[in-house]
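Below: the structure, in structure tokens.
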There are 2 protein chains.
Amino acid sequence: MMNETVSIAKALSDKARLRAIMALSGGELCVCQIVGLLGLAPSTVSRHLGVLHQAGLISSRKDGRWVYFRLAGPDASPPARKALRWVREALAGDSSVTKDLLSLKRITGVSKEELCRTQAKK
Amino acid sequence: MMNETVSIAKALSDKARLRAIMALSGGELCVCQIVGLLGLAPSTVSRHLGVLHQAGLISSRKDGRWVYFRLAGPDASPPARKALRWVREALAGDSSVTKDLLSLKRITGVSKEELCRTQAKK
DNA sequence: ACTATAATTCGCCAAATAACGAATTGTCAA
DNA sequence: TTGACAATTCGTTATTTGGCGAATTATAGT
């Protein structure tokens, strides 16, 4: 319980990971979309998502080439659920989160394929 | 807001600091009592408390030679208050916390002077 | 089959962090 | 005033962490 709480807090103690959580509040996203949002290397984003997953804060679903992540639901542990509630309350209305939501609108508007190709070219 | 949340999460992402927070749930404690509880060097404990203080999770009061820390009250920022609520909910009933509460009973039973002398001898 | 691409893993480097002891500061009591 | 002690600050060291690119795996399309 203590160890779980520590690992959850560790998972939440990074700006990129908090931004990812807030982005996922709007529904599931594939890795390449989160890469586009955060502007980090795919390998880095994958690692971040791995940390969040390990802490039980998000879950994933594979569909073809893509892996979709979403916030952990009712199946998550109580500490994880409460942590998510805290973060979403604490960051509701945050300016960088708001900016991210706008970026997301653009990103999800573009087709996944096109987005990922764009990312690859960079 | 984002930065505050990150620093709060960072402050919570250490076992010793979580134990300190849970110990302070029972009321204020002086540094030497927390040193006795955690079994860490005074300089280390001071640093931990500094991190928690910086994050707005605890506040301090100086009384003579001693500095007492307590959980941040209603004056604390909403994110800090909510974070404290999360931690206390997540760790309620945790075994190491329960153990610490027993240790605390013993520690607060001993006079402060005697405790600190005992620690100094180590 | 072959190529392209989404995602992960791995190895590396730089920066941040936790721990300690030593030195310092401030306060009380002989 | 001198000594004892609570607490903090500072310097050092070992570990962890975040970032990237290269290599790898898996899947879809040609």
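A, B, ... follow the sequence lines: proteins, then strands. Residue 1 opens every chain. In what follows, every heavy atom counts, from backbone to side chain, and hydrogens, waters and symmetry copies are set aside.
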For the side chain of A/Asp14, starting at C-beta, report the closest nucleotide among C/dA19, D/dG18, D/dG21.
D/dG18

Tell me the interatomic distance from B/Leu29, atom CG, to D/dA7, atom C1', rounded to whole angstroms.
15 Å

Is there a side-chain polar atom (N or O) of B/Lys62 under 4.0 Å from OP1 or OP2 of C/dT27?
yes

Out of curiosity, A/Ser59 OG to A/Tyr68 OH, how far, rounded to the nearest 0.5 Å?
14.5 Å

To the nearest 0.5 Å, how far apart are OG in A/Ser77 and CD in A/Glu4?
3.5 Å

Are side-chain heavy atoms of B/Leu71 and B/Arg88 found at a separation under 4.5 Å?
yes

How close or far is atom P of D/dA7 from atom CZ of B/Arg61, stated in whole angstroms?
12 Å

From A/Val51, A/Leu57, A/Leu84, residue fulfilling side chain to side chain contact (heavy atoms under 4.5 Å, CB included) relative to A/Leu12:
A/Leu57

Scan residues 46-57 of chain A against DNA chain D and write down, sorted by residue number, each residue with any heavy atom closer than 4.0 Å; if none is found, say none.
A/Arg47, A/His48

Tell me which of A/Gly64 and A/Thr44 sits closer to the 5' end of DNA chain D, going by the nucleotide each one is nearest to.
A/Thr44

Give the nucleotide from the list C/dA19, D/dA6, C/dT8 with an atom nearest to the side chain of B/Trp66.
D/dA6

When rounded to the nearest 0.5 angstrom, what distance separates CE in A/Met2 from CE in B/Met22?
7.5 Å

Can you measure A/Gln33 atom CD to C/dT5 atom P for me and round it to whole angstrom units?
17 Å

Interatomic distance where CG belongs to A/Leu38 and P belongs to D/dG18 [whole Å]
13 Å

Without decimals, in angstroms, what is the distance between A/Asp63 CG and C/dA7 P?
10 Å

Proximity to the side chain of A/Arg65 - top-ranked nucleotide from D/dG21, C/dA6, D/dG18:
C/dA6

Between C/dA16 atom P and A/Lys10 atom NZ, what is the distance in whole Å?
16 Å

Closest approach to the side chain of A/Leu40, judged atom by atom: which nucleotide of C/dA7, D/dG19, D/dA4 is it?
D/dG19

Rounded to whole angstrom units, what separation is found between the CZ atom of A/Arg17 and the P atom of D/dT16?
15 Å

So which nucleotide from D/dT8, D/dA6, C/dT8 ends up closest to the side chain of A/Val67?
C/dT8

Is the closest side-chain heavy-atom distance between A/Leu29 and A/Trp66 below 4.5 Å?
no

CZ/A/Arg17 to CD1/A/Ile58 distance, rounded to the nearest 0.5 angstrom?
10.5 Å

Look at the side chain of B/Ser43 and the base of C/dG21, then say whether one donor and one acceptor between them are separated by less than 3.5 Å.
yes

